[in-house]
Amino acid sequence: MTTIKTTLIALATAVPVLAFSLPSTAATPSFIDTALVEVCKAAQSNKVFKLKSTMKSYRLQEKTVALKVICNGDDIITFAEKSGATKTAAKLQRSIGDVSIIDVAATDKINVTFTES
């Protein structure tokens, strides 16, 4: 009888905790999407300070962004170059340093697509 009471009390305590934790995990992807879109827009702006400021505000490192972020189907450096943002593209390229094909192929890419509003 004591184990049944203990189990019921444990379940009664666990269910509300799970109910409160679910909404916070559901909001995480939109925050990540927002951060990545802001980084892509900053790279497109051709303003190095804006790019550095945006990455710093989201606590992202330049090398990680340069290697893993995909904007509208292109890696962020190519995306910036196609947008005419040569300064930000050069800044991101310098952050990579020397990279072999094996290094680039081994990384996981994060893709984000957005439209100008």
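Side-chain atoms of Glu62 and Lys52, non-hydrogen and from C-beta on, do get closer than 4.5 Å to each other. Using a 4.5 Å cut-off on side-chain heavy atoms (C-beta onward), Val39 and Leu60 make contact. Looking at Ile77 and Ile96, their side chains come closer than 4.5 Å, going by heavy atoms from C-beta outward. The side-chain heavy atoms of Leu36 and Tyr58, taken from C-beta on, include no pair separated by under 4.5 Å. The shortest side-chain heavy-atom distance between Thr86 and Glu81 does not fall under the 4.5 Å cut-off. When side chains are defined from C-beta on, Cys40 counts as touching Val69, because their heavy atoms get closer than 4.5 Å.
Side-chain contact, Asp33 with Ser30: no donor N or O sits under 3.5 Å from an acceptor N or O.
In this structure, Leu51 CG and Lys91 NZ are separated by 8.5 Å, a value rounded to the nearest 0.5 Å. Annotation: the span from Lys63 atom NZ to Leu92 atom CG amounts to 13.0 Å, rounded to 0.5 Å. To the nearest 0.5 angstrom, Cys71 atom SG is 8.5 Å from Gln44 atom CD.
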> Run the side chain to side chain contact (heavy atoms under 4.5 Å, CB included) check on Ile70 and Ile76 step by step: do they pass?
Replying inline: CA-CA 5 Å; Ile70 305 289; Ile76 193 165; over 6 Å; no
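In this structure a side-chain-to-backbone donor-acceptor pair under 3.5 Å is present from Asn46 to Lys87. At least one donor-acceptor pair under 3.5 Å links the side chain of Ser83 to the backbone N or O of Phe79. Formation of a donor-acceptor pair under 3.5 Å by the Ser45 side chain with backbone atoms of Lys47 is found in this model.
When all heavy atoms are compared, the tightest approach of Ala43 to Thr88 is O-OG1, 2.5 Å.
By the side chain to side chain contact (heavy atoms under 4.5 Å, CB included) test, Gln61 pairs with Thr64, sequence neighbours left out.
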